[in-house]
Amino acid sequence: MLSVFLTVLGFALIGAALLDVFQTLFHPAGRGAMSDWTAQVIWKCFRRAATRYRKLLTYAGPTAILAIITTWAALTWFGFALIYFPRLHSSFAFTPGVEGTRFAGLLEALDLSLGGLITLSEGINASSPWLQLLRGAEAVIGFGLLTASVSWLLSIYPVLESRRSIAERAALLHNAELENHLDITHDAPQEAQDWIFNIGCDLASLRNQMAQFPITYYFHVGEAQTSLAGALPYLAELADRASSSSGVSALLAAGTVLGGAVHNFLNTLAEVFLAMPGEDDRAVLRAYAREEMTDLMLRDRTIPFPRHADAS
């Protein structure tokens with residue numbers, strides 16, 4: 001009975017790890033329950049610590065990724081070890097020079113499983129065909145976890161770059177209006193329509209990318225000029241100015257596009273990350289800025305953290 005229980009438990013752990021990998025990496029807009037929970041817990045811990053040491057928040061995203069990958073590997077490793085453990089003496093053959101009597105405990109099963117996961121031969125071979133197949137499957141899974149994790153890492157950095165690029169363009173436009181006492185929707189409507197439309201399209205693309213890779217939410221940039229949480233209020237105001245202007249149809253359309261992109265982005269944040277109603281865009285803007293500990297950028301001023309929580 002113990003052998004059956006350990007085998008079922010081992011397969012359950014392996015299945016849980018593989019299901020979470022599939023949901024997180026391969027399912028379009030998939031959400032892995034275990035990886036999501038891990039990232040949220042780590043973010044909350046770092047967010048709490050950042051109230052004293054704000055720079056710590058920049059380590060939340062990298063730590064979350066490492067923790068998730070480690071969890072996948074650990075569950076797979078331990079799952080196979082539980083399957084091997086009750087069969088060490090009966091179903092494995094040892095080459096000359098390897099003491100079979102030494103392999104009798106859970107630590108030895110973990111050692112055997114680790115060797116299979118990283119395709120390291122230790123002079124121990126499965127004597128039954130199904131265990132031979134299982135050992136081969138473990139090696140394939142180990143290699144797959146490695147390559148999938150590397151691909152995941154390479155995939156999220158373009159999303160982060162896109163987010164920072166949108167925020168910096170917004171910051172530059174904001175600075176240009178303040179320093180030159182301009183309203184670009186009134187003083188340069190022909191040029192503004194292209195700028196606003198392009199930012200709206202890029203923000204819509206970013207929303208889809210973040211839905212595909214939600215782990216990117218937990219990467220804090222650590223600088224005001226590339227913080228999208230701080231730039232979104234300005235973009236919302238810019239969209240309102242453009243969509244309420246008169247005389248330039250293209251500018252009206254661009255403002256509507258940007259306004260819709262901001263609204264949809266905020267809805268995604270509210271539903272997926274902030275756990276709050278998404279009807280009130282201003283409330284979501286404040287909550288996002290507060291969560292990211294960043295300044296709120298408005299048309300005529302910047303409200304520094306933490307006073308942005310009281311901004312209207």
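- Counting heavy atoms from C-beta on, the side chains of Arg169 and Trp195 never come closer than 4.5 Å.
- Counted by atom type alone, Glu291 and Tyr217 present zero donor-acceptor pairs between their side chains at under 3.5 Å.
- In this structure, Leu112 and Arg135 have side chains that are in contact, with non-hydrogen atoms separated by less than 4.5 Å.
- Under the 3.5 Å distance criterion, the side-chain polar atoms of His174 are matched with a main-chain donor or acceptor of Leu298.
- Residues Asp281 and Val262 have side chains not in contact (no heavy-atom distance under 4.5 Å, counting atoms from C-beta outward).
- More than 12 heavy-atom neighbours from other residues, nucleotides or ligands sit within 6.0 angstrom of CD on Gln132.
- Side-chain atoms of Ser113 never come within 3.5 Å of backbone atoms of Phe78 as a donor-acceptor pair (strictly under, hydrogens ignored).
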Go through the steps for Arg87 and Thr7 under the test side chain to side chain contact (heavy atoms under 4.5 Å, CB included), then give the verdict.
-> CA-CA 10 Å; Arg87 301 174 174 84; Thr7 301; 2.9 Å; yes

Hey, mind stepping through Val272 and Asp36 against side chain to side chain contact (heavy atoms under 4.5 Å, CB included) and telling me if it holds?
-> CA-CA 10 Å; Val272 178; Asp36 286 345; over 6 Å; no

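- With Thr38 contributing its side chain and Met34 its backbone, the two residues share a donor-acceptor pair below 3.5 Å.
- The minimum heavy-atom distance between Ser35 and Ile68, with the atom names listed, is O-CD1, 3.5 Å.
- In the displayed structure, Phe197 atom CZ is contacted under 6.0 Å by at most 12 heavy atoms of other residues, nucleotides or ligands.
- Under a hydrophobic-cluster definition in which Ile, Leu, Val, Met, Phe, Trp and Tyr are linked whenever side-chain heavy atoms come within less than 4.5 Å, directly or via other members, Leu82 and Leu133 are assigned to different clusters.
- Between Ala236 and Leu285 the shortest heavy-atom distance is CB-CD1, 4.4 Å.
- Looking at Arg207, its side chain never comes within 3.5 Å of a backbone N or O of Thr268 through a donor-acceptor pair.
- Taking 4.5 Å as the limit, every side-chain heavy atom of Leu114 sits out of range of all side-chain heavy atoms of Phe80.
- Atom CG of residue Leu19 and atom CD1 of residue Ile14 lie 13.5 Å apart, to the nearest 0.5 angstrom.
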Test log, rule side chain to side chain contact (heavy atoms under 4.5 Å, CB included), inputs Asp20 and Thr71 | CA-CA 10 Å; Asp20 198 71; Thr71 300; over 6 Å; no

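- There is a path of hydrophobic side-chain contacts, each under 4.5 Å, that joins Phe85 to Leu9.
- Remark: the backbone N or O of Glu161 is not paired with any side-chain donor or acceptor of Ser165 at under 3.5 angstrom.
- Taking 4.5 Å as the limit, every side-chain heavy atom of Leu173 sits out of range of all side-chain heavy atoms of Leu235.
- Arg241 is linked by a salt bridge (Lys or Arg N to Asp or Glu O under 4.0 Å) to Glu177, Asp183, counting only residues two or more places apart in sequence or in another chain.
- Counting heavy atoms from C-beta outward, Phe273 and Met210 have side chains that approach closer than 4.5 Å.
- Across Ala270 and Val284, no two heavy atoms sit closer than the pair CB-CG2, 4.0 Å.
- Formation of a donor-acceptor pair under 3.5 Å by the Asp111 side chain with backbone atoms of Leu107 is not found in this model.
- Residues Phe219 and Val159 are not in side-chain contact: their nearest non-hydrogen atoms beyond the backbone lie 4.5 Å or more apart.
- In this structure, the side chain of Arg163 does not engage the main chain of Val221 through any donor-acceptor pair within 3.5 Å.
- For the atom pair CH2 (Trp72) and OG1 (Thr70), the distance works out to 10.5 Å, reported to the nearest 0.5 Å.
- Of all non-hydrogen atoms in Leu252 and Ala242, the two that sit nearest each other are CD2-O, 3.6 Å.
- Not a single donor-acceptor pair under 3.5 Å links the side chain of Ser162 to the backbone N or O of Pro158.
- Looking only at distances, a side-chain donor or acceptor of Ser243 sits under 3.5 Å from a matching main-chain atom of Asp240.
- Using a 4.5 Å heavy-atom cutoff, the side chains of Trp152 and Val21 are not in contact.
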Test side chain to side chain contact (heavy atoms under 4.5 Å, CB included) applied to Gln40 and Tyr218, step by step = CA-CA 8 Å; Gln40 289 169 7; Tyr218 303 104; 3.1 Å; yes

